[in-house]
Amino acid sequence: MAEAWQRQSPLARRSPMDDDTGAGLAMTEREFLAKITVRGKVADDAIRDALGIALPGEPNTACSGKDHAILWLGPDEWLVVGPPDTEKELVSTLATALPDAAVIDVTEGYATIRLGGPLAREVLSMGTPLDLHPREFAAGAATRTLFARTTVILHKISDDPVFDIHVERSQAEYLWTWLETASRPYRDALR
Amino acid sequence: MMLIPCPWCGDRLDAEFTCGGEAHIMRPDPATASDAEWADYLFMRENPKGLHHERWFHAHGCRRWFHMTRDTASHRIVAVYAITESAPEASG
Amino acid sequence: MQSWRNSTGGIIDRSRRLSFTFDGRRLAGHPGDTLASALLANGIHLVGRSFKYHRPRGIVGSGVEEPNALVRLGEGGAVEPNARATTSELFDGLVASSQNRWPSLAFDVGALNSVASGLIPAGFYYKTFMWPAKAWTFYERFIRRAAGLGQAPEEPDPDVYEKRFAHCDVLVVGAGPAGLQAARAAAPAPAGVRAAPAAGRSGARVILADEQAVPGGSLLAEHVTLDGVPGQDWPESVRTELASMTDVTLLTRTTVAGYYDHNFLVAVERLTDHLPSGESPLPRQRLWKIRARHVVLATGAIERPLVFPGNDRPGVMLGSAVRAFANRWGVRCGARAVVFANNDSAYRSAIDAADSGIHVTTIVDCRAAPRGRLVEEAHSRGIDVLAGSVIAGVEGRKRVRGVAISTLDGSTPAAARKECDLVMMSGGWNPTVHLASQSGTRLAWDESLATFIPGDAASHQTSVGAAAGTFGLVECLTSGALAGTDAAARAGFDGEAPPVPEVDDDTGDGALDLEAFWHRPASPRDGKAFHDLQNDVTTADVALATRENYVSVEHFKRYTTTGMGTDQGKTSNVNGLAILAGHVGSSIPGVGHTTYRPFYTPVTIGALAGIDTAGELYDPVRRTPMHAWHAANGAHFEDVGQWKRPYCYLREGESVEEAVERETRAVRTGVGILDASTLGKIDVQGKDAAAFLDRLYTGTFSTLAPGRCRYGLMCHDDGMVFDDGVTARIADNRFLVSTTTGGAATVLNWFEEWLQTEWWDLDVHMTSVTTQWAAIAVAGPESRDLVSGLTTTDLSSDAFPFMTWRDADIAGIPGRIFRISFSGETGYELHVPASYALSLWQILMMAGERHAITPYGTEAMHVLRAEKGFIIVGQDTDGTTTPHDLGMSWLVSKKKPDFLGKRGLRRPDTLREDRKQLVGLLTDDPQVVIPEGAHVSPEPEAKPPVPMEGWVSSSYMSPNCGHSIALALIRRGHDRMGESVAIPLEDRTIRARIVKPVFFDEEGARLRG
Amino acid sequence: MKYSLWNLLRQAPRGHRDWPQAWRNPEPKEAYDVIIIGAGGHGLATAYYLAKEHGISRTAVLEKGWLGGGNTGRNTTIVRSNYLWDESAHLYEHSLRLFETLSQDLNFNVMFSPRGVINLAHNEHDLKELRRRGHACRLNGIDYEMVTPREIKEIAPIINISRSIRYPVLGGAMQRRAGNARHDAVAWGLARRADELGVDIIQNCEVTGIDVRDGRVTGVQTTRGAIRANRIGAVPAGHASVVASMAGLRLPVESHALQAMVTEPVKPVLDTVIMSNTVHVYISQSDKGELVLGAGIDGYNSYSQKGGINVIEHQLEGLCELYPIVSRLKIMRVWGGIVDIAPDASPIISKTPIEGFYINCGWGTGGFKATPGSGWVFAHTIAQDRPHRLNEAFDLGRFESGLLIDEHGAAAVAH
């Protein structure tokens, strides 16, 4: 029976949204990214040794390396994001490196939407009370925040208006529909 | 729509938080507390008009509880302090 | 023919013609027009009927203050009732009609009210319609029909709306001269022009919002030059300047309507209301929710009408409005005008009106000796000035024909009669203090202006310009610039005030030289004098309210309805207060003022709702990974919290009841599968995890061995049950807690609250894994057979007993198997990572074909658990139920020194023996199902109130028992086994016997077998 | 002068010159038999029934602002009695019956309009709750009927009963005898009648202290001097804790801002009152034509009479799907009141540990409907120094003994 199964990502039923004009909005699901919650006492050195990147110590920030990003979510909570299909090894690496912390695989618990394009900030501002001006929310900023009727983890991944949004799996379709609907008039206007 | 200074995340809209009501209510020893003392702990509240020490939870953010002193009439926020701390004296 | 339109002047585009209709009449106007200016250009003054007396009413103002000219705009679903003609921009094809009249505007049957007006003074309805008793509903029907203004739409709204948050350092409200200067000053300068931006920062972020289509405010209605540029053009040059700056947002057609705590303001931007429908794909309106570090309120001022008999006749207008129509729109509001004034600004209006071609014959000035340059200028235009005089009456019904003038002291009544078709009234100015007041800023009385101005600011805000009672243009420009610099500085940015433009203003320094005139007592024969035009409130009503002691300002407002119309009293409040003060012999500040509440002008519901209204966007629909399969296979869904769960799966031709019965049977006879993914799951780990759970649950988890599961109840500290579920010990320091579907978030927050606020010394961490793991319950006598085919794990009862769990490969998927059961059958709950769940479900369905596997929904689950007497928190409990009431004392630890609820369970009323306790009920007639929620009564035949001693919480026809079953909470129920009870219904009484709440496999052989 | 059509007719030609004051503005006396703190509807009703039913008219009603200015003048005017628990049902039913004849009793038209109140169910759980409440109401003699979506649509054509909306209407429960009344008129009518019976209503008189000697009250300190009385009934609504603290008491209530709003007036579109707990929407149409909408409470303690816009937004988001025609109507005015909420969402009408000091509070979001009933039982409690059968269960002691009257289901947000 071993090969009978298939994995289905939370937004497998939605087609990505392209930004043909380059003036609008692109939206895709980033499937199966490994996502690990780390809670408790975490030594910066241990993380550096394990993943080669620093542990974000400041609220509203993230540290990124080639393969991984670590997002500060709370004074004793981080989200480690890694390439697809690496969650098992990531859990074991982290659990070994961080004996005093709780390391929980939440890969399947969250969906990740990448939103980018000139309209991205505007559309996000329709849902979150967070100030997304580059002065306040620059590349590398990350936080959990309110978004419309749900909670998201927002991560600005570059100087360009490109964001990764992690949302609880069961609400992924809601968020997708919401972003699609909110941006529709502007996408229509670009047609 | 208050702007609440989360001790961790900084200023955030009040809708990201849950208010946990009056702070510094001691849970009495259940073995010795009288019915009246237990009722006092469970239900009785200062509910002042003016400065109020209260507990807040950044539910949509860092998910930390903290203390805040706020004027219930003007909604002015006077102090924010750790959940493990007792009320700052200056703020009454 | 726009016969009242001048051939030059104003900021309209005469090269284009826009066609529109009013009450079916086809008319024309120009881009730049409002509906009001276009109507007036066509000579139309009569636009509506008043609320109470149905008196003919004309356009009074030129902006948001308009009390009368409320019309219905649009057609079909896209209609808008009660739209102000004065702020509705004209577009080609606009359709407008008048309201509150039948059959027509010119002939309105409702005007009979006017004839009977003597009978219906303020508050008349409180004094009558009381006979016969209960007849009010009869009278009410007629009153309701007569009341109301416009007609609500009858079809759904075709438009969409949008909301967004914005953040800025400085928000400037109002783009008049003061606001424009404030924005220029606060805005970051283009590099090298003014102060360098602060280190590392680009400069202050500025939002400038104005309700009009173009910036400029009062400048648009005046004849001045700024730096040699006409005042009507200067704002456009500032707009260009601001547009070149980063981080400056100029929002036109945007009304800031609400001012909330900590400088959070709400504004509505009208994106497409000025366009023919379908021309733009953008939302109709956009709600801005703005957080500003500092707010500059440059909201201007609104001219005050004067109160005199007949002041509501069409053709009686605000002087400033006549001036605006002339200067901005090139429209003459009449041929022959009389001005009624108590201050100098009236003269500016008179002069501009005269210059626009209106024959202004007379200024009736209540001041004894008006003097100064403006007065002389009026004289020079041949305008008579009658000092110390007032208008004592107005002739004409649907249009002013003339006025009667008397001396102020009344010594010479009817001193003169002047023919005119236009009366311009000018009673001084009320600063637009609404937003300041909403923010909590107290208002102060300014004696020289005879009005309220903002007092000390309650938040980081500055009122400036006319909004602060400053009326000179140069002063407005200067103080605006200062306010802008100051605001930026307070937000942490250095700036330099922009230069104040050189003003060539031949109309004076803004001093009003006002002498307050509120009203002069007149006899009813002179006609009604209105201080509130929209709500038809007269000076006689004020007198009556005073006489009856409704003199507290709020009583006065409510009794007379002053200021309670759609205009929210913009033109009526101060006049009303002043007249009231006169009656009670108090000063106006002594009387006080009512509170300004949101919104400044009415806000469209659609805009406040945004896109979060339809279907899934109103509230997220949470779906499990198998949702699509359920939907494709006949699932009849129910809402459980935000989740959609299959209630049952309908086969073709099957009813819901039949499906539930089939599914219920299948689980007891073969095998069923249930999507249990929605149950809450919390990963709890840390050295003190066990101790932590011991404090939260009534039972004990520290004694649970890894690999085992235990059911637990959770109470609040008052001892009342609030959630339940099975907890598995994963490792010494790790547990997996399950919660009810609806309780997942609440329980996690409850855990966090206790950990962080009371027990922070414990080493525990919680993480929700509800959506990480999908769960499939496999239940039924053939469940072991089915599952064992998919895993190498030994499922035999010895190796894998009831209430244990194992890591396992399930069809090649790494997961966990829990030997737990809510159905009372042999059963397994399979947990796999969510993305594999749909596959596993399909594999099970395939592998289960030979067992006739049946997917079952929540209702079959409910029946199955009720057969076993398992409770559902929230259905068999109600917030007043203890574990003991549920017969679950065995779950309440006696050994633990403390847990949440322990002390609460020892209070006198929680210890009582006559509490309502959970029992089973078997009906005498086994085929009768008691309705859920029915109550048990010891005296079913009694007349109401019938005594009640409990209620039925769960009740089903059990196909497996072959009879109906019910769970009930009945007073002293545990001691009453075997007793017969009565359940009185509307039409019959059901008899039943109290039994233990378990109806199937009492020994649990199937569960454990 | 009696309020009647006849007298209106007689006054019309005289310009209504002869109507007397609706109530006096008396100076406070040195002492009264009873002092009522708070001239809201409940306080005025207490004074009225003390005089009418118990012959006690040496009463002062002290009001820090203007009579009827608190929650009495700020609510959405719903009157109903379809409560779950016997204790509540009996109390609210008594009040509803008093409402039915209140206009005649007071000779002041309070416009009680039994236009019916419908509670909507949007899921299976709602339906179960409504049915349970329905069975209880029937046995308590309170009219209550389950109505189908189609029946609801007939009664209120503007409602959307499509099954495809987020929270479809699965059914509802209707109390036909319920409805609404004009809130100001209730306060004014009670004030006028109480005043006629000799009660001194003293406005702009804030109580600043309560004098307690040897465990019993002796009077109050006010901004207009000291006033003596051996019996003091406090009915201060949102300010209950503030007043109780003057007597050294803590109460099991917390004060929150509750908002409501009206649209611009339109011609009649809705003839009944419709409430929904799940969607947090309740709606009726005033006689003036405004749609009257109740919002929820803010989640934090507040005495500001001003709530957050997010509560309003959420309200209207739900409204638009249930009543699609409202989308283009405009909200004219939003206001707030301070409601004092007890842990079991039931009121407290009780004696206190201080002799002669009585408290009536905790009405939360739904006190208006109880106005006459609350005054009636409170007057009895003060006059007899013991609760009436109808308010026995609503005493302070329940918080100690644990016998709460949990009306969260009935109350939720939508009173």
Side-chain angles (χ1 to χ4, degrees), chain B residues 1-5 7-8 10-43 53-68 70-77 82-86, chain C residues 165-167 258-266 288-293 438-442 458-460 598 695 715-720 745-746 748-761 765-768 896-911:
Chain B
M1 304 306 290
M2 298 185 288
L3 190 63
I4 294 183
W8 296 103
D11 291 343
R12 294 286 180 99
L13 184 70
D14 57 12
E16 289 203 347
F17 300 80
T18 310
C19 181
E22 186 174 328
H24 310 304
I25 294 172
M26 291 298 291
R27 187 170 183 264
D29 179 354
T32 57
S34 67
D35 289 333
E37 285 164 345
W38 199 252
D40 201 64
Y41 148 69
L42 281 179
F43 301 124
H53 306 300
E54 51 200 15
R55 306 176 314 148
W56 285 79
F57 176 52
H58 194 183
H60 295 281
C62 61
R63 298 188 56 79
R64 295 289 97 189
W65 281 89
F66 59 92
H67 278 138
M68 189 158 99
R70 185 180 60 97
D71 189 315
T72 58
S74 69
H75 294 177
R76 193 170 55 97
I77 294 166
I83 196 70
T84 50
E85 285 173 356
S86 47
Chain C
F165 290 95
H167 305 259
Y259 200 142
Y260 294 84
D261 285 335
H262 304 179
N263 271 0
F264 188 87
L265 294 94
V266 169
W288 289 85
K289 298 185 274 186
I290 305 167
R291 177 78 68 185
R293 283 183 210 270
Q438 280 184 34
S439 78
T441 294
R442 288 185 188 284
S459 69
H460 299 295
R695 295 186 195 186
C715 291
H716 286 137
D717 226 352
D718 61 0
M720 304 302 158
T746 318
L748 180 61
N749 289 348
W750 176 250
F751 282 14
E752 283 288 2
E753 180 175 350
W754 282 97
L755 180 66
Q756 291 185 37
T757 69
E758 291 287 328
W759 305 326
W760 57 76
D761 51 326
H765 293 288
M766 276 88 65
T767 303
S768 167
K896 289 193 293 181
D898 190 14
F899 58 84
L900 296 184
K902 183 179 171 86
R903 179 62 185 81
L905 289 170
R906 289 206 332 265
R907 294 177 298 157
D909 275 314
T910 45
L911 289 171

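Here is the naming used below: chain letters follow the sequence lines, and residue numbers restart at 1 for every chain. Since we're looking at a predicted model, the values are computed, not measured.
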Next item on the list: Check each atom of B:I25 against the heavy atoms of chain C and say whether the ones under 4.5 Å are side chain, backbone, both or neither.
Entry: backbone

Check: In terms of heavy-atom proximity below 4.5 Å to chain C, should B:L3 be classed as side chain, backbone, both, or neither?
Finding: both

Next item on the list: Tell me, yes or no, whether the heavy-atom count around B:W8 atom CH2, taken from other residues, nucleotides or ligands under 6.0 Å, exceeds 12.
Entry: no

Next item on the list: State the OG1-CZ distance between C:T757 and B:R27, to the nearest 0.5 angstrom.
Entry: 11.0 Å

Next item on the list: Using non-hydrogen atoms and a 4.5 Å limit, figure out which bit of C:Y259 sits close to chain B: side chain, backbone, both or neither.
Entry: neither

Checklist line | Close side-chain approach of B:L42 to C:R903, heavy-atom, < 4.5 Å | finding: no

Margin query: Is the shortest side-chain heavy-atom distance between B:T84 and C:Q756 below 4.5 Å?
Written below: no

Note to self: Counting only non-hydrogen atoms closer than 4.5 Å, does B:F43 touch chain C with its backbone (N, CA, C, O), its side chain (CB onward), both, or neither?
What the structure shows: side chain

Item checked: Which residues share a salt bridge (charged side-chain N to carboxylate O under 4.0 Å, His left out) with B:E85, sequence neighbours left out -> none

Notebook entry, point to check: Checking B:W38 against chain C: side chain, backbone, both or neither under 4.5 Å from a heavy atom?
Noted result: side chain

Note to self: Under a 3.5 Å distance rule, please check whether B:H75 uses its side chain to pair with a backbone N or O of C:H262 as donor and acceptor.
What the structure shows: no

Check: Given that the side chain runs from C-beta out, which part of C:L755 has a heavy atom under 4.5 Å from chain B: side chain, backbone, both or neither?
Finding: neither

Note to self: How long is the straight-line distance from CZ of C:F264 back to CG of B:D14, given to the nearest 0.5 Å?
What the structure shows: 8.0 Å

Checklist line | Carboxylate-amine/guanidinium proximity below 4.0 Å for C:D261 and B:R76 | finding: no

Check: For C:E758, is it the side chain, the backbone, both or neither that has a heavy atom under 4.5 Å from a heavy atom of chain B?
Finding: side chain

Margin query: For chain C, which candidate among B:F57, B:Y41, B:W65 shows the most heavy-atom pairs at distances under 4.5 Å?
Written below: B:W65

Checklist line | Salt-bridge present (B:D11, C:R291; N to O < 4.0 Å) | finding: no

Check: Under a 4.5 Å heavy-atom cut-off, does chain C meet the side chain of B:T32, its backbone, both or neither?
Finding: neither

Check: In terms of heavy-atom pairs under 4.5 Å with chain B, which of C:E753, C:E752, C:H716, C:R906 leads?
Finding: C:E753

Notebook entry, point to check: Is the shortest heavy-atom distance from the side chain of C:K289 to the side chain of B:L13 under 4.5 Å?
Noted result: no

Notebook entry, point to check: Among C:G440, C:P897, C:P908, which residue forms the greatest number of heavy-atom pairs with chain B at distances under 4.5 Å?
Noted result: C:P908

